[in-house]
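Letters A, B, ... mirror the listed sequences (proteins, then strands); counts begin at 1.
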Amino acid sequence: MKIFLSAIEGGSSCKDDGQYMFIDYILKEKPDLKMKWNLVSYYYIRKAPKTFEKIKNHSELLLVDSGAHSFQKGTKVDWLEYTREYADFIKKNDNSNILGYFEMDVDNIIGYDKVLELRKILEEVSDKIIPVWHKNRGIEEFKKMCRDYSGKIIAITGFKNEDIKDEQYLMFLKYAKKYNCKVHCLGMTRKKILDTVPFDFVDSSSWVQQSIYGRVGSRGKVTKEFSKNHRLTVVLLNYLEGMKMQEHYYNKWKSVCKD
Amino acid sequence: MNIIYKKLNEIKPYEKNPRKNDDAVEYVANSIKEFGFKVPIVIDKNGIIVTGHTRYKASQQLGLEEVPCIIADDLSKEQIKAFRLADNKVSEKSNWDYGLLDIELEDLSLNMEDFGFDNIKVDWDSVEDLTDSSYDEPSHRMLECPFCHHIDRDIHFKKVDTDTNIEKIEEVS
């Protein structure tokens, strides 16, 4: 299992540490750090090309999220134009250390038929587009996705009470494995699931969320607490904790995930 | 080095022990049960534990009356304090060679989960097949507005974006 650390395209300013993008601060403090797997949101990095370049160059593997969740937070965006720009970005920036690009899974705003049209635009420029199944698509569509994307990466969501119940993840994974699909569970951070369901890939922003509260730790354990004046220090320490979590789950599941 | 047996009620945990070990007690108890008490508890001359707090709690859990101890009477007060921390700290610096570990674990017939090793096998045959009837959509949670106390499905509430709680700033050139 590879855990992709998300939200690294963010930044912060605080009294004692100064104003930095996270990636800049991490590399300033740890210039030789060998980052493993990161996930960025196109929604944010489209306006920060230098930050994106740095993240891309320092990541062993990178996933790019469409930023579709930003649409769901009420931001007004022309989805067709946004998708064309996303496709253009993919065309310009694709390289071998980018593992894939998540589709525009805005089913609940524009409906699945339109989502399929947007997927087509993206698939015209790359064969690394990752479809994201939501329950509105129905179970037959999940099965079709596994057949159509046999041998490739597909995604489901890991947000509690959203699409799949905790006890059903293994069932979905078992079906996907039948078609040799690699499964990414978006936003899956729950230790209980990470310890029992061998997804090939997941992403987690819990290292940043911990930082909001000035806490350092991983896998549910807080080891240190800091004041808000040291937010970037906390971000750095939590990123390093996140890397330990990456190592832990990669090693734990490597004989099952074989990737 | 002398190993002496002490009654469990004759030794006392160090009350400012900064190491949180409750999660490990069950595994250590299993280890003592399976392999015997092979690593003595180190105590000072007053019977206060220097190293071995987890073994002490495991012994309590197992109902042992006496445990093997070593009295660190050659160490000063400061050395005892430092050793108590150092003994725990140095183990954090070790790592597994997972390749060799897999080989070692493979031959064992003992259930190593009893000693804290994760079960890394999935019995796919026991996992139910995905069918229309086996997939049961999650129901939405009901939330209560903290201001007007209106109760509704969670999707009708605006979610707080945890990302934006971190102050977003423009790219620094």
Validation row, ring centre Tyr135(B) to ring centre Phe172(A) under 6.0 Å: yes

Over 12 non-hydrogen atoms of neighbours within 6.0 angstrom of NZ in Lys57(B): yes

Under 4.5 Å from a heavy atom of chain B, the part of Leu170(A) involved: both

Interatomic spacing from CG in Leu130(B) to NZ in Lys143(A) - rounded to 0.5 Å: 5.5 Å

Any side-chain heavy-atom pair of Met171(A) and Thr131(B) under 4.5 Å: no

Non-hydrogen atoms of Lys165(A) and Asp136(B) that approach each other most closely: NZ-OD2, 2.8 Å

Rounded distance (nearest 0.5 Å) linking atom NZ of Lys178(A) with atom CG of Asp129(B): 6.5 Å

Value rounded to 0.5 Å, distance of NZ in Lys174(A) from OG in Ser126(B): 7.5 Å

